[in-house]
2 protein chains.
Amino acid sequence: MDGQISPRSQHILKVLIESYIRDGQPVGSKQLAGGSGLDLSSSTVRNVLADLEARGLVRAPHTSAGRVPTSRGYRVFVDSLLTVQPVTSDNVRQIAQRLAPGASLKQIAATVSSALSGLTSMAGLVMVPGGMPQRLRHIEFLSLSGNQVLVILVINDREVQNLIIETPRRYSEAELTQAANYLNQQFAGQTLSGVRSRLLHELRQAREQMDSLMQSAITMAERVFEPDEVIDKARDCVIAGQTNLMGFDELSDVARLRGLFEAFHQKREVLSLLDRAAYDGQGVRIFIGEESGHDLFSDCSLVTSTYQVDGEVLGLVGIIGPTRMAYDQVIPIVDVTARLVSAALNPADQPL
Amino acid sequence: MDGQISPRSQHILKVLIESYIRDGQPVGSKQLAGGSGLDLSSSTVRNVLADLEARGLVRAPHTSAGRVPTSRGYRVFVDSLLTVQPVTSDNVRQIAQRLAPGASLKQIAATVSSALSGLTSMAGLVMVPGGMPQRLRHIEFLSLSGNQVLVILVINDREVQNLIIETPRRYSEAELTQAANYLNQQFAGQTLSGVRSRLLHELRQAREQMDSLMQSAITMAERVFEPDEVIDKARDCVIAGQTNLMGFDELSDVARLRGLFEAFHQKREVLSLLDRAAYDGQGVRIFIGEESGHDLFSDCSLVTSTYQVDGEVLGLVGIIGPTRMAYDQVIPIVDVTARLVSAALNPADQPL
DNA sequence: TTTGGCACTCTTCATGATAGAGTGCTAGCC
DNA sequence: GGCTAGCACTCTATCATGAAGAGTGCCAAA
């Protein structure tokens, strides 16, 4: 039962899966004998199918309904049988066009995600990473009514974050400007976590020795750089085109869809899944059906690839759709997209 | 056929609709005769029902299936028959808690929207208006790589917007700071459209007479205040809890849901609908079924109320759900929410 | 004006028959 | 040993049928 799969069996499995992906119907021995290119009788095919079923690569929904691929079957298919379609230059153009240089990571994520969703008619997703060092570019304080201060942070040259903090007392505009100047001068270019630890250090060192200016600045900054406030916020994923998934029969059960959509909304499960996908190395990675480990995604597959800047893996683009998807087209699309994003983010390729 | 509806008919209509809202099943004459509180035979009720049907207030899905309310029926119901439930203090607290003072409009919109969705198990929505005068509080320029400049705008003391513009030449940090200072000094506190027209005016007046500082500032600002860039962006609506709608039988048709979700995503239709709802005056406003004019919403009702600052209507909160909803509970919830939002936004109630 | 009664209609559900698809197995062929 | 043809078997999908139940409309009587 174990051992190598004969080339003929492989070929039959390939044709079966291609047919099933195309039509969504279980494939019978007769149809397979006719359309496989091999000159075999349906009876012979039946023997082969019985063998494939014993290996757990296909299964029969019921006694007389032909065979459909199992997750393991898909796995073998994408690992060793798949002949990927070259991606059309039209598709490349569509994605490249949308990658206007000089957008923020968030904006890029949004456009790329929706581009992927559009090209594949499934849900596109882009993870923007948390691990990336966040460098403070610029900080600005503005006094609001009351003791509230509006803080504007520019991080990594692109991302703008703003938050409102409550201060123990009211500060004048002049104080705020001075504090900002001090912080900009002192900490610009450093990572947020670095800024944070340095702040703590300075605080501990000598509170009394500081002049009032420094004190204001540091009191303020203390609040801004509380870890959860800013730092963790950056890690997120953007999902576009979820409604596309409503078009697939195998996902059209309302309850299932609801679960999926809520997972997308809360993003927790999705992120944990993406983390696993990002774990090792570059290139396209695929989760099929139950391989994801989450029941929710049991009828879904995930095709992802990483993008990087300066050789360092930053995040991840991909699509999520029904297990029965056109892998031969989706894989290269995801692959190319990841490369394009890498290129767009790499400063070397940008006009400096 | 026309003319007044007798009190007895009204009462029967009321009981019918309440029953239908509760159970979702067509209501028959027998059930109605028993549970109406009136001492009538089913036969008499049948006569009344025939009358109500002739008036277009109820209809029979088929010959022997009891009656269900029509949109007109619901309309009569909410206009003159409805006895609203007092909103529980628990609900009030839930909303009030979430309204942390000093959040940006966008943040408020998001929390309120999701609070409404949670309380009603339907989709909550909040419109933040475009008509509101947008006053420039502060502007800041930061040079990025290339000829790109990151612009940070603080509007109305709360909203922070940032955009990246391409400039014809590269500016130094010093130039950018000076330009920002000039603009802040000159235009702070004015409306964006005001700033825009004044800029045009200055430009026309005398380009040669300006010193280079002013020129830089104005060239830059020219791009920032292009009408579509900033000004229209503020008008938006936030929808939360769309997945809740998947729980309702009458909306569980996947195709229909898909349409709805896509409308929510694109927001165009939703905004046009909300515009109509916001059109006149305060208080709770209700669109039932086809009254919305959009086919998509034909099985949905919209319950909205406005919130205001300084007596001026700013925007709109509400929920969207199936026509068959518990109006008696939803209406007061929306009403109270709108009041709470008004209160939270009114500077008078905030610590100054 | 209300009520009781009755015939009628329509849906829903279970039942059973039928056709079609596909399999597994066995016997025969190269 | 591998391939093929044939056949019995199983399972599904579909359709028609019939019975039960719910509710109406209308008529005649109180």
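In what follows, chains carry the letters A, B, and so on, assigned in the order in which the sequence lines appear, proteins first and then strands, with residues in each chain numbered from 1.
- The phosphate of C:dT23 has neither OP1 nor OP2 within less than 4.0 Å of any side-chain N or O from A:T63.
- The nearest whole Å value for the distance from the CZ atom in B:R59 to the C1' atom in D:dG23 is 16 Å.
- The distance between atom CZ of A:R8 and atom C1' of D:dG2, rounded to the nearest whole Å, is 8 Å.
- Atom CG of B:L49 and atom P of D:dA22 are 17 Å apart (whole Å).
- A straight line from CD of B:Q31 to P of D:dG21 spans 18 Å, rounded to a whole angstrom.
- Nearest heavy-atom pair across A:P26 and A:A65 is CB-O, 2.6 Å.
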For this session: Decide yes or no on ring pair (Phe, Tyr, Trp, His ring centres under 6.0 Å) for A:F287 and A:F297, but give the supporting numbers first.
Result: CA-CA 10 Å; A:F287 283 90; A:F297 302 125; 9.9 Å; no
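- Using a cutoff of 4.0 Å between basic side-chain nitrogens and carboxylate oxygens, B:E262 and B:R258 are scored as salt-bridged.
- Closest to the side chain of A:N47, from the set C:dT23, D:dT4, D:dT24, is D:dT4.
- Using a 4.0 Å cut-off, some side-chain N or O of A:T44 falls inside it from OP1 or OP2 of D:dT4.
- Under the 4.0 Å criterion applied to side-chain N and carboxylate O atoms, B:E53 and B:R59 are not assigned as salt-bridge partners.
- Distances shorter than 4.0 Å separate none of the side-chain N or O atoms of B:S64 from OP1 or OP2 on C:dC10.
- Between the CG atom of A:L52 and the P atom of C:dG24 there is a distance of 12 Å, rounded to whole Å.
- With hydrogens and angles ignored, a donor-acceptor pair under 3.5 angstrom links the side chain of A:R46 to the base of D:dG6.
- Applying the 4.0 Å criterion to OP1 and OP2 of D:dG25, one finds that B:R67 has a side-chain N or O inside that range.
- Rounded to an integer number of Å, the gap from CG of A:L38 to C1' of D:dC3 is 13 Å.
- Taking atom NE2 of residue B:H62 and atom C1' of nucleotide D:dG25, one finds them 16 Å apart after rounding to whole Å.
- When all heavy atoms are compared, the tightest approach of A:M127 to A:L274 is SD-CB, 3.7 Å.
- Atom CD of B:Q25 is separated from atom C1' of C:dC10 by 16 Å (rounded to the nearest Å).
- Side-chain to base pairing of A:S43 with D:dA5: one donor and one acceptor N or O lie within less than 3.5 Å of each other.
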